[in-house]
There are 2 protein chains.
Amino acid sequence: MAVAKPKAKTSEPDAAENLAALRTRIAERYDGLSNRLQQIAKFVLDHPNDIALETVVVIAERAGVPPSALIRFAQALDYSGFREMQRVFQAPLASRSPSYAERVRGLALDRAEQEEEDGPYHFLARFCAASAVALEHIQEVLTPEQLGQAVDLLVKARQVYVVAQRRSFPVAAYLAYALPHSEKPTHLLDGLGGMLDEQVRSIQPDDALIAISFSPYARETAAIVERAAARGASVIVISDSMVSPISRFASVFFEIKDAEVQGFRSLTASLCLAQTLAVGLAMRSPGGK
Amino acid sequence: MAVAKPKAKTSEPDAAENLAALRTRIAERYDGLSNRLQQIAKFVLDHPNDIALETVVVIAERAGVPPSALIRFAQALDYSGFREMQRVFQAPLASRSPSYAERVRGLALDRAEQEEEDGPYHFLARFCAASAVALEHIQEVLTPEQLGQAVDLLVKARQVYVVAQRRSFPVAAYLAYALPHSEKPTHLLDGLGGMLDEQVRSIQPDDALIAISFSPYARETAAIVERAAARGASVIVISDSMVSPISRFASVFFEIKDAEVQGFRSLTASLCLAQTLAVGLAMRSPGGK
DNA sequence: TGGAATCTGCAACATTTTTTCCAACTGTTC
DNA sequence: GAACAGTTGGAAAAAATGTTGCAGATTCCA
């Protein structure tokens, strides 16, 4: 990871100055500031998020100072104006999961730079890194409520059906392996022998369907989800977009943006979620725990 | 953690509406939106931080749309203007991501209390943590040479056979999906219709077999590996021990100790390796890169 | 193919937000 | 207690940001 330039000197505000450096500088100059400006300094150090998100007027009100004082404060710190200082406070918020897609892309770009070194081992390292990021990400994105609802549906379901095509299929295969371990009747809708239609007809209103599908969405999966929903079954959807063709029918929807390297998307995050559902069900089952 | 109000009804934007509800509403209305507005919807869902922190002009630029379209998008969602919608995106940032902090704290508590607290979310966190460790581990354990050899075998092989049973099956399913993308004829030995024996008979000396098996080792997998080796095929083995029943026949052996939580073992590391093999092959194939 | 309806982008407009300026104030020194 | 230097608050100016109207483009339907 690229480390910022040393930057031992403290005084001039760099365009890309980070919050830590700014805070240091505030502390350094604190004694030389006037009363009002010291008051502001305290507030700024204590409420960085307010500085990042609110307008001068709102901040001034909260800090109990007139707006102009805030501008003077920023200028006292050698910024051209308040806005410039505000940027520094916004940066860390923006990079809080820096739209995740960016990070994954960053990994890909990294690879491009090292065009020369492209042995399999490098790919392994990249997949591992990308997967780790994806794992971090789903913890931020998924809520306990979602998971609770999904497990509830599985617990209540008389039988569970699982469907996924192509790349997503391994996830379905895993669920078809794991769920029966909790004595939950589970059926993998594999379309074997072209009997998909017949398999779907078995779905009853008190059943649940788990569907996994990522762009480009498999036609068959979408059709099954729609029909299952029409038959009154609960539907748990794992997909990469809320606006995917199958999301609209979901009783519970999980958005998974899995890692991608060289156009090959991983299944790490999806499988982690599948596993969580399986264990969640196991813990709520008679034999479980 | 305070659970959001049920909010089964979907339409009017509440002043205190949270991001999740907004995202849901976007998804609901997606189909009714014009092209440009759909384009914006995607961008908004993918870049929530940009929406929260940047100005209309900047966001518009990044999304590749005119500024006015953004305002119209907000209005299409029943907001009085862009600013009102922006508030919704800022809220989660304002409080230093309290929900995430809560979750981590919850996880820590869980660990401390060990087995007591057992919501599904805690399992997710544990799986993610455990998987991350596993990913780190395989990078240390696997050598570039091993990977190079394995990929060599795949490149040279006339056809590739893949076998795995039960828990490991998803890994095989993934390979059966991914390898043909490099124009490598691949066959999944699934034993469908009890024809495992017949499937194995197709294996030729210039073929390769990839076998995945973990303790407790599936009988069928061991038998197939042995027969494939006897027929002169190269064998790539992914297993958890060098002394597993299938390791002795391996041309290349990968030792994977996958993550385990509550007795449920993950497939993360195995899949990562599988993916690496697939990409490694793709890079060496006529069509690939 | 023609016409209606809708969508789109530009540019003018209205509003909000930031910044500057100046008069009043405070505290200090002689 | 007067003069001065520095500080302060508010109002006005300047800048930026958000919003809307309209004409042209596009799509949809007959």
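To find a chain, count down the sequence lines: A is the first, B the second, and so on, and within it residues start at 1.
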base_contact_polar (D/dG21 base, B/Arg72 side chain, donor-acceptor, <3.5 Å) | yes
Under 4.0 Å between any heavy atoms, over every strand shown, what does B/Thr55 touch: base, sugar-phosphate, or nothing? Just pick one.
-> sugar-phosphate
Atom pair distance, as rounded to whole Å: CG in B/Leu70 and C1' in C/dT8 | 13 Å
Side-chain H-bond candidate by donor/acceptor type, A/His187 with A/Gln199, under 3.5 Å | no
Kindly point out which of D/dT20, D/dG10, C/dT18 is positioned nearest to the side chain of B/Ile71?
-> D/dT20
Pairs where residues 37-72 of chain A contributes a residue and the test ring pair (Phe, Tyr, Trp, His ring centres under 6.0 Å) is met, not counting sequence neighbours = A/Phe43-A/His47
Does OP1 or OP2 of C/dT16 have a side-chain N or O of A/Arg83 closer than 4.0 Å?
-> no
Charged tip of A/Arg167 within 45° of B/Tyr174 ring normal and under 6.0 Å = no
In whole angstrom, what separates B/Gln38's CD from D/dT27's P?
-> 14 Å
Quick one: B/Phe73 CZ to C/dC7 P, roughly how many Å, whole number?
-> 15 Å
Protein-nucleotide distance (B/Leu37, atom CG; C/dC7, atom P), rounded to Å | 8 Å
Nucleotide of D/dG18, C/dT18, C/dG9 approaching A/Val57 most closely (side-chain heavy atoms) | C/dT18
Starting from P on D/dT17, measure out to CD on B/Gln86 and report it in whole angstrom.
-> 11 Å
Here the distance between atom C1' of D/dG9 and atom CD of A/Gln39, to the nearest Å, is 13 Å
DNA chain C: 5'-proximal contact among B/Pro67 and A/Phe82 (nearest heavy atom) = B/Pro67
Salt bridge check: are A/Arg265 and A/Asp240 linked by an N-O gap of less than 4.0 Å?
-> yes
Side-chain atoms of B/Ser68 come closest, of C/dA11, C/dT20, D/dG18, to C/dA11
Rounded interatomic separation in angstrom, taking CD1 from B/Ile40 and C1' from C/dT8 | 11 Å
Separation of D/dT19 atom P from B/Ile59 atom CD1, nearest Å, is 11 Å
Are the charged groups of A/Arg227 and A/Asp197 less than 4.0 angstrom apart, N to O?
-> yes
Under 4.0 Å between a side-chain N/O of A/Gln75 and OP1 or OP2 of C/dT20, yes or no?
-> yes
